[in-house]
A.B. asks: 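Can you keep this structure in mind? I'll have questions shortly.
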Amino acid sequence: MSGNGTTGGPGSRIFDLIVPKRSFFSWLDSLRGRFSLVGPVTEDGQTEFRELGSSHEMDMEYQSTMLSPGKVYLYKPREDLFRFSLGKSVEVREPETDQEQRVIIGLHACDTNAVRYLDLTFLGSFRDPQYAARRKNTVIISLNCARSGENCFCASAGAGPFLEGNDGYDMLLTDLGEDYLVELKSGRALELFPVDGGSPAGEDAFRFKQEKEQAVVHSFRKKLDMDGLNGLLSKRPDHPVWRATAEDRCLSCTNCVMVCPTCFCYDVIDEISMDLKSVRRYRQWDACQDAHFAEVHGGNFRARRTARLRQFTTHKLDQTHQYGVFGTVGCGRGITWCPTGIDITDIAKEVQKSEVGSER
Amino acid sequence: MRYATSRIEESQEHAPGSFNPLKPMKAVLTDVRDENSDVKTYRLKVGDGFSRSAAAGQFNMLGYPGIGEAPISFSGIGEDGEIEHTIRAVGMATRFIERMRKGSEMLIRGPYGRGWPLGAAKGKDLLLVAGGVGLAPIRPVIRQIMKNRADFGEVTLLIGSRNDEGLIFTNEYSAWQKAMSVEITVDELVTKKPWNYRVGLITALLNRVKMKAENAVAFICGPELMMRFICRALLLKGAAAGSLSVSLERRMRCGIAQCGHCQHVGFFVCRDGPVFPYKQVEGLFDGLL
């Protein structure tokens, strides 16, 4: 991840290439053996990121997936932490870090930004060895979006539909019809990708990219004015929208958290062997929507459904002092997969609406 | 807003490759003392480096394989590589710990979090307010004051407890009284033992404090509702909002700002606390302060 600002603008030459799609995919296939390839595959109308036998299986026009690639392949749903053997003295063993070399192809801007967000948790104050190893061993090839989905609001969140910045990923693709505009963003990408595999991208390619981005930006149906949102939601913890939404519709099913690409919470669980001689300690995704999540002896800081929905929503659309960015990347998954159609952008708009009213 | 990653690159370079922050280390229980019917003080041998890096108000994740881990504040920090934890047996981990005997092994990770701002209290009057087992995280502060008494002005310690049975560290009060004024109150008396202190809520003790609130620094630890009323009373008496510190309790699984359980309106209580300036957490939702 050594993106250092050497690429990205019109005028830079060998790092930005026009590559025929055919050549790009055959280069991808040539990586198999050294890397396992993971990409978007559509089956029965649903796309998911999975290991590829060949690049032909990929659907590079996909809209969205239920789970984000970052949370499936970097921050796993369940992960072994330690094995303890219990004897006279306790022995602790750590699992080896995951050394599988992997290329993930086709992450949209939202999901790439979600990986950057997960970095803040797992490579921040304390570095998680397993996540760090996977991050190091994973090549990320991002893909700019060709259209917006029904629940997408990444343009409002500043996290898409085209990916900005040069850090945290390796390559960026923009669909130019017959070709891809391939932007190489890391030293690793420069090593892996044959520079003579395409022609240098000129200013017209970047002009076309910009026009395309504008077109996609204008196609968004879901919008949220996020200026001034930070601080506003947490200033109105008693707004009726929290209670009305939570009590009428929230099932505490935790779907929103499970499909959220930036939700990082986990539980730690000890599993004792039947012979009582060893213990497996693992972690698995946990959710603030679970009733016991904030429970301590003698009380529960979020016993009410209302409090739990407010925590999730403000963590996405407020509380930016935590990491300096919003917790949402605007992927819309929490809205898509909520069984009762709760939409955090609607909640925010309700609060904004009454704020305007109260100022009059 | 951009998702910048410069901080990450930095931490990747400086982080030691093999260090796993969730990996516990072994500690041997060298002493166990009863404080009352469900609270005990455990003395643990952890090594010099560990105890020297610890600060009053910080905590450890304490546990055993198969039982899990619980966040427990230091109640004592020795210079001899030994530390103390004073624990009420109420949950799965703490009830297991309660059954451990001298010589047993425990697993420990830490020290974590931000402790009491003792540096900022130097040269000032100091008010310590503790409710119930909330006295445990205050005890290392008391010890430091006793060791460096000249560093502080007037020091007053207010101790509150639900009843006389629930008091802890009772055999240390007389030593503490030589270094500071100690006021004790209980909500009700339940034993027939003679009682030389007061009965009533801890907030009533504030009227007996002689120091001027505007010149004092206060460290407060106890149930959130108690801390709320103490802080509000002190503010009314003229205390500066920035001079009050409180210690929060939340569910924690990791202690290292990852598992998310302790999140309190954007703060990780484990990393940004457990000791907070009162003004930072005053009035936040999902809390009682």
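Every chain is numbered from 1 and lettered A, B, ... according to where its sequence line falls, protein lines coming before strand lines.
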A.B. asks: With a 4.5 angstrom heavy-atom cut-off, which part of A/D267 approaches chain B: side chain, backbone, both or neither?
C.D. replies: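 The answer is both parts of A/D267.
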A.B. asks: Looking at chain B, which one of A/F264, A/Y266, A/W285 has the largest number of heavy-atom pairs inside 4.5 Å, strictly under?
C.D. replies: A/Y266
A.B. asks: State, without any angle test, whether B/Q263 and A/Q322 hold a side-chain donor-acceptor pair at a distance under 3.5 Å.
C.D. replies: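 Checked: B/Q263/A/Q322 side chains pair up, N/O donor to acceptor below 3.5 Å.
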A.B. asks: Could you go through the side chain to side chain contact (heavy atoms under 4.5 Å, CB included) check for B/K26 and A/E91 one step at a time?
C.D. replies: CA-CA 9 Å; B/K26 283 186 238 182; A/E91 298 301 328; 4.0 Å; yes
A.B. asks: Quick check on the interface: out of B/E249, B/M252, B/M25, who has the most heavy-atom pairs with chain A under 4.5 Å?
C.D. replies: B/E249
A.B. asks: On a heavy-atom basis, which atom in B/G66 and which in A/D270 lie closest, and how many Å separate them?
C.D. replies: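 In this case the closest contact between B/G66 and A/D270 is N-OD2, 2.7 Å.
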A.B. asks: Within the side chain of B/D286, is there an N or O that forms a donor-acceptor pair under 3.5 Å with the backbone of A/R302?
C.D. replies: no
A.B. asks: Give, for atom CD of B/Q258 and atom CZ of A/R127, the distance between the pair rounded to the nearest 0.5 Å.
C.D. replies: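 Result: 11.5 Å between the selected atoms.
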A.B. asks: Is B/K23 in contact with chain A via its backbone, its side chain, both, or neither, using a 4.5 Å heavy-atom distance?
C.D. replies: both
A.B. asks: Going by side-chain contact (heavy atoms from CB on, under 4.5 Å), A/E295 matches just one of B/R250, B/R251, B/H261. Which one?
C.D. replies: B/R251
A.B. asks: Please confirm whether the backbone N or O of B/V265 pairs with a side-chain atom of A/H321, one donor and one acceptor, at under 3.5 Å?
C.D. replies: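 Yes, A/H321 side chain to B/V265 backbone: donor-acceptor pair under 3.5 Å.
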A.B. asks: Measuring from atom CG of B/N20 to atom CZ of A/F126, what distance do you get when rounded to the nearest 0.5 angstrom?
C.D. replies: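 It comes to 11.5 Å.
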A.B. asks: Which residues, numbered in order, of residues 96-117 of chain B come under 4.5 angstrom of chain A by heavy-atom distance?
C.D. replies: B/E105, B/L107, B/Y112
A.B. asks: Which atoms form the tightest heavy-atom contact between B/R271 and A/S125, and what is the distance?
C.D. replies: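 Heavy atoms only, the tightest pair is NH1-OG, 2.8 Å.
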A.B. asks: For the candidates B/C259, B/G260, B/G283, which exhibits the highest count of non-hydrogen atom pairs separated by less than 4.5 Å from chain A?
C.D. replies: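 Of the candidates given, the most pairs with chain A belong to B/C259.
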A.B. asks: Based on non-hydrogen pairs under 4.5 Å, which of B/G266, B/P24, B/C262 is most in contact with chain A?
C.D. replies: B/G266
A.B. asks: State, to 0.1 Å, how close A/P129 and B/P21 come at their nearest heavy-atom pair, and which atoms those are.
C.D. replies: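 Result for this residue pair: CD-CD, 4.1 Å.
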A.B. asks: Report, in residue-number order, which members of residues 76-86 of chain A are under 4.5 Å from chain B by heavy-atom distance.
C.D. replies: A/L81, A/F82, A/F84, A/L86
A.B. asks: Indicate yes or no: at least one non-hydrogen side-chain atom of A/R283 is less than 4.5 angstrom from one of B/L22.
C.D. replies: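 The answer is yes; the side chains approach within 4.5 Å.
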A.B. asks: Please classify the contact of A/T314 with chain B as side chain, backbone, both or neither, using a heavy-atom distance under 4.5 Å.
C.D. replies: side chain
A.B. asks: Which atoms of A/D128 come close to chain B, meaning under 4.5 Å heavy atom to heavy atom: side chain ones, backbone ones, both, or neither?
C.D. replies: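 A/D128 touches chain B through backbone and side-chain heavy atoms alike.
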A.B. asks: Can you tell which part of A/S89 gets under 4.5 Å to a heavy atom of chain B, answering side chain, backbone, both or neither?
C.D. replies: both
A.B. asks: Quick one: pull up CG in A/D238 and CZ in B/F285 and give me the separation to the nearest 0.5 Å.
C.D. replies: 10.0 Å
A.B. asks: When you compare the side chain of A/F301 with that of B/E224, does any pair of heavy atoms fall below 4.5 Å?
C.D. replies: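 The answer is yes; the side chains approach within 4.5 Å.
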A.B. asks: If you draw a 6.0 Å radius around CD in A/Q99, do more than 12 non-hydrogen atoms from other residues or ligands fall strictly inside?
C.D. replies: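 Yes, CD of A/Q99 has more than 12 neighbouring heavy atoms, counting only those of other groups under 6.0 Å.
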A.B. asks: If you round to the nearest 0.5 Å, how far is CD1 of B/I256 from OG1 of A/T121?
C.D. replies: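 The distance works out to 10.5 Å.
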